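Here the structure is a predicted model, which is why all the values come from computation and not from measurement. The chains referred to below are lettered A, B, ... by the order of the sequence lines, with proteins before strands, and numbering in each begins at 1.
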2 protein chains.
Amino acid sequence: MSTERRTRADAERNRERVLEAARALFAERGDQVQLPEVARAAGVGVGTVYRHFPDRAALVEAAAEQRFAEIEHYARTRCLAGPAGLRRYLEHVGEVLSRDRGLSAAIEAARGTAGSEPRGEARAGLEAVVAEVVARDRAAGELRDDCTVADVYLLVGCLSAVVRTGSGDWRRFLDLALHGLLPRAD
Amino acid sequence: MSTERRTRADAERNRERVLEAARALFAERGDQVQLPEVARAAGVGVGTVYRHFPDRAALVEAAAEQRFAEIEHYARTRCLAGPAGLRRYLEHVGEVLSRDRGLSAAIEAARGTAGSEPRGEARAGLEAVVAEVVARDRAAGELRDDCTVADVYLLVGCLSAVVRTGSGDWRRFLDLALHGLLPRAD
DNA sequence: ACCTGAACACCGTTCAAGT
DNA sequence: ACCTGAACACCGTTCAAGT
């Protein structure tokens, strides 16, 4: 089992420090934090940041990964039982986005890098739960029959933009969007 | 009336050339064009660009101003008579956004610069028509009673994000959003 | 192996000099 | 008055040298 166990001691610790610093800074000020700043906060040289993360986008994504995992956990425990699962899901995403300005950057960057959508692992897990939530709500007659996971991505992207630009109330947006997903017979 | 008529000959022509070049380049590649590039395309020095426009944002906004005027004209002639005025308005905005990648930048930058929303003149005119369209559609019972101009801005912002990131179909988004603006009794 | 930080490339913006 | 473009400031990324 001694296949690929090379990462030694301080290397792993440095990686974790960088990630920790990145999470805190991105959450607070979003995409505008500078990498040298992250390095300073982590107490390492810039080169170390680049050793562990190929570029800025990779660090943003890695810092967001934890949030995706948290959101997935919330979805599994809170949105698969009872009514209005999708509504609860989207409201939770809105709240997390409001608290972590860096999440938007990760969500939008993923779109930017054409095609390579399924980055980090957490994303795959998330997509699976969202599919379940949609299926459940549809079966319960709470959603239009043609509502898909793609629709949810669409709305999450918009939600992210609304929160990021601070234009108006994201809850109002959700009200409109969710109303739009209702079955034909209101 | 010789109050403030100082701008002479080439100055005005240069300003127009810069604007022309900026319109073409922004439309094609959006917010990622570089100002030295605009200067080169316009056949002037960078300094001249800055002489006429204080900074990048101002140039983006000025280049977009024309589009706003065009959209306003469309709205006045096509969305104040007949049914589904707001739907026709938003579909037109979606089409213009699809053709001019720089418009998104202007729309989103305006939000970014907290508070100072009402830049260029064209925007004020636009806001006025949109208010009329909303009022008409509401009176005709085509929209929820609580639908406001702010809602339209919200959706235009989302539309812009959807088109810009190329995430999914913006027409699908409009379908959902407009459905969300329907009166309670579908 | 991994770390450091000076150095490089690049782009927005300014400003001394020219007309 | 206005124009030009070299120069400056800044930030992402690389890499030679050190441990």
Closest-nucleotide 5' rank along DNA chain D - winner of A:Gly47 and A:Gln32: A:Gln32
Any A:His52 side-chain nitrogen or oxygen under 4.0 Å from OP1 or OP2 of C:dC3: yes
Proximity to the side chain of A:Arg51 - top-ranked nucleotide from D:dC11, C:dC2, D:dC3: C:dC2
Geometric class of the A:His92/A:Tyr74 ring pair [parallel <30°, tilted 30-60°, perpendicular >60°]: parallel
Among D:dC3, C:dC2, C:dG12, the one nearest A:Ala11 by side-chain distance: C:dC2
Proximity to the side chain of B:Asn14 - top-ranked nucleotide from C:dC3, D:dT13, D:dC3: D:dC3
B:Glu95/B:Arg171 salt bridge by N-O under 4.0 Å criterion: yes
Given C:dC3, D:dT13, C:dG12, the nucleotide with the shortest approach to the side chain of B:Leu35: C:dG12
Residue B:Tyr50, side-chain heavy atoms: nucleotide from C:dC3, C:dT13, D:dG12 that is nearest: C:dT13
Base-pairing mate for D:dT14 - Watson-Crick or G-U, with both contacts under 3.5 Å: C:dA6
B:Val46, nearest nucleotide to its side chain (from C:dT4, D:dT13, D:dG5): D:dG5
Carboxylate-amine/guanidinium proximity below 4.0 Å for A:Asp137 and A:Arg88: no
Watson-Crick or G-U counterpart of D:dT19, or none if no pair lies under 3.5 Å: C:dA1
First encountered from the 5' end of DNA chain D, between A:Val33 and A:Thr48: A:Val33
Lys/Arg-Asp/Glu bridge criterion (N-O < 4.0 Å) met for A:Arg136, A:Glu142: no
